[in-house]
Amino acid sequence: MPEEMLIDEMQCVYQKPGTLTDEYMHYCPGCGHAVAHKILMEVVEEMGLQEDIIGVAPVGCSVFAYNYMNIDMQEAAHGRASAVATGIKRVRPDKFVFSYQGDGDLAAIGTAETIHTINRGENILIVFINNGIYGMTGGQMAPTSLFGQKTSTSPYGRDVAHNGYPLKITELIAHLPGAYYVTRQAVHTPNTVRKFKKALNNAFEYQKLNKGTCFIEVVSNCPSGWKMTPKETLTYIEEKMLPEYPLGDIKVPTQNKN
Amino acid sequence: MIKGTVLINSETCKGCELCIVACPQDSLSLSQKINLRGYRYVELSQDNCTGCTNCAIVCPDAVITVYRQSKQNYKKAV
Ligand SMILES: Cc1ncc(C[n+]2csc(CCOP(=O)(O)OP(=O)(O)O)c2C)c(N)n1
Ligand code: SF4
Ligand code: SF4
Ligand code: SF4
Ligand SMILES: [Mg+2]
């Protein structure tokens with residue numbers, strides 16, 4: 001049977017969300033940023049938020065997120081996305097607001113903004129893409145780089161004596177009373193993607209109810225910075241990243257007193 | 001078995017192979033041909049797709065559209 005006829009008799013069960021633009025993404029093949037963008041935009045489409053949401057893009061590989069997400073967006077200076085999102089949400093409390101940030105952006109140069117935004121319990125969502133490296137600038141070590149991880153600034157591997165420990169900023173901020181919902185997800189398999197999607201749904205539902213800061217870490221990959229094929233990054237995530245950054249909820253609403 | 005199929009936008013595919021890994025049916029493979037950007041792209045190489053959407057869900061570049069036989073048509077066919 002010709003393919004068109006076959007398709008005529010079938011139902012479309014998955015297509016690119018209308019909330020992504022037709023722009024060709026600049027991301028390297030297999031990059032987790034692109035998966036995360038797509039799923040975020042699927043949730044925006046399914047929840048009907050396209051006209052009611054404002055995103056803040058970071059500095060890092062996802063600096064051009066505003067070219068791909070077909071919603072209102074604002075670019076922030078490096079590390080300051082959550083502070084910018086604070087301002088937007090305070091001026092427009094009627095809008096859903098999120099920041100989208102890498103590990104260099106959120107957990108290195110932007111640590112202060114991240115902590116204080118969450119400590120104030122700003123009613124926004126922070127999406128934190130942890131690929132354990134500075135992807136954009138050529139694969140330098142990030143605060144989240146693993147023990148022994150070879151990067152362009154730790155060519156012999158990350159050494160605790162010299163470089164300290166991988167920063168588990170997600171566990172750290174979960175202690176703050178302003179953090180309402182804190183979870184760690186991933187996007188490297190169909191099942192992890194489905195769970196990430198559910199977490200995004202939860203976060204926007206909580207934002208609707210003015211509950212405080214929701215924080216979703218996404219353990220992601222950087223095939224170029226890790227110097228691996230996209231397929232090899234799947235094994236690396238499973239064997240190296242997830243033992244250090246285990247998936248699952250870190251703080252759920254029942255743990256909140258308010 | 002429920003029948004499905006996929007439509008692949010060969011010009012936006014970057015040949016990362018993540019969809020190939022995600023497919024439980026082994027239905028996909030990389031073509032020998034390259035697209036305008038120089039990537040070998042993915043093709044449906046076997047007629048056993050069930051329309052499970054796994055490949056499309058993990059595709060970073062939203063290259064894949066998935067179709068699935070409706071339950072009604074499935075009943076008619078068996
Ligand atoms: C004030 C300032 N300092 C440093 C830089 C250089 N810089 C650009 S992106 C980046 C790190 C990006 O890493 P990450 O946030 O992990 O993003 P990724 O590319 O990995 O997604 C750095 C240090 C800059 N643009 N501005
Ligand atoms: S450098 Fe890394 S994070 Fe940046 S687009 Fe390439 S794979 Fe993605
Ligand atoms: S996951 Fe998408 S971009 Fe990667 S090879 Fe498959 S269709 Fe192409
Ligand atoms: S829809 Fe499922 S069975 Fe069909 S090609 Fe994609 S992953 Fe394979
Ligand atoms: Mg990074």
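Only heavy atoms go into these numbers, but all of them, side chains included; no hydrogens, no water, no symmetry mates. Each chain gets a letter, A, B and so on, in the order its sequence line appears, and its residues count up from 1. Worth saying up front: this structure is predicted, and the values here are computed from it rather than measured.
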Side-chain contact, heavy-atom cut-off 4.5 Å: [X] with [Y]?
X	Y	answer
B:Arg37	A:Tyr24	yes
B:Pro60	A:Tyr27	no
A:Gln11	B:Gln69	no

- Query: Closest heavy-atom contact between A:Arg194 and B:Ile57?
  - Reply: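 Taking every non-hydrogen atom into account, NH2-CD1, 3.3 Å.
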Where does [X] contact chain A at under 4.5 Å (heavy atoms): side chain, backbone, both or neither?
X	value
B:Cys52	backbone
B:Val58	both
B:Ile64	backbone

- Please state whether the side chain, the backbone, both or neither of A:Lys231 comes within less than 4.5 Å of a heavy atom of chain B.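 It is both, since atoms from each part get that close.
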- Query: With A:Cys12, which of B:Leu7, B:Thr65, B:Val66 fulfils side-chain contact (heavy atoms from CB on, under 4.5 Å)?
  - Reply: B:Thr65
- Message: So if I take each residue of residues 232-247 of chain A and look for any heavy atom under 4.5 Å from a heavy atom in chain B, which residues do I end up with?
- Response: A:Leu234
- Message: Given 3.5 Å as the limit, does a donor-acceptor pair link the side chain of B:Lys3 with the main chain of A:Met10, or not?
- Response: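 The answer is no, because no donor-acceptor pair under 3.5 Å joins these two groups.
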- Query: Counting only N and O atoms by type, is there a donor-acceptor contact under 3.5 Å from the side chain of A:Lys16 to the main-chain atoms of B:Asp61?
  - Reply: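 Between the backbone of B:Asp61 and the side chain of A:Lys16 there is no qualifying donor-acceptor contact (under 3.5 Å).
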- Message: With a 6.0 Å cut-off (strictly less than), is the heavy-atom count around NZ of A:Lys150, excluding the residue itself, greater than 12?
- Response: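 No - once you tally the heavy atoms of other residues, nucleotides and ligands closer than 6.0 Å, there are 12 at most.
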- Query: Does NZ belonging to A:Lys195 count more than 12 external heavy atoms closer than 6.0 Å?
  - Reply: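 No, because the 6.0 Å sphere around NZ of A:Lys195 holds 12 heavy atoms or fewer from other groups.
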- SG of A:Cys31 to NZ of B:Lys14: how many Å apart, nearest 0.5 Å?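 Nearest 0.5 Å value for the SG-NZ distance: 8.0 Å.
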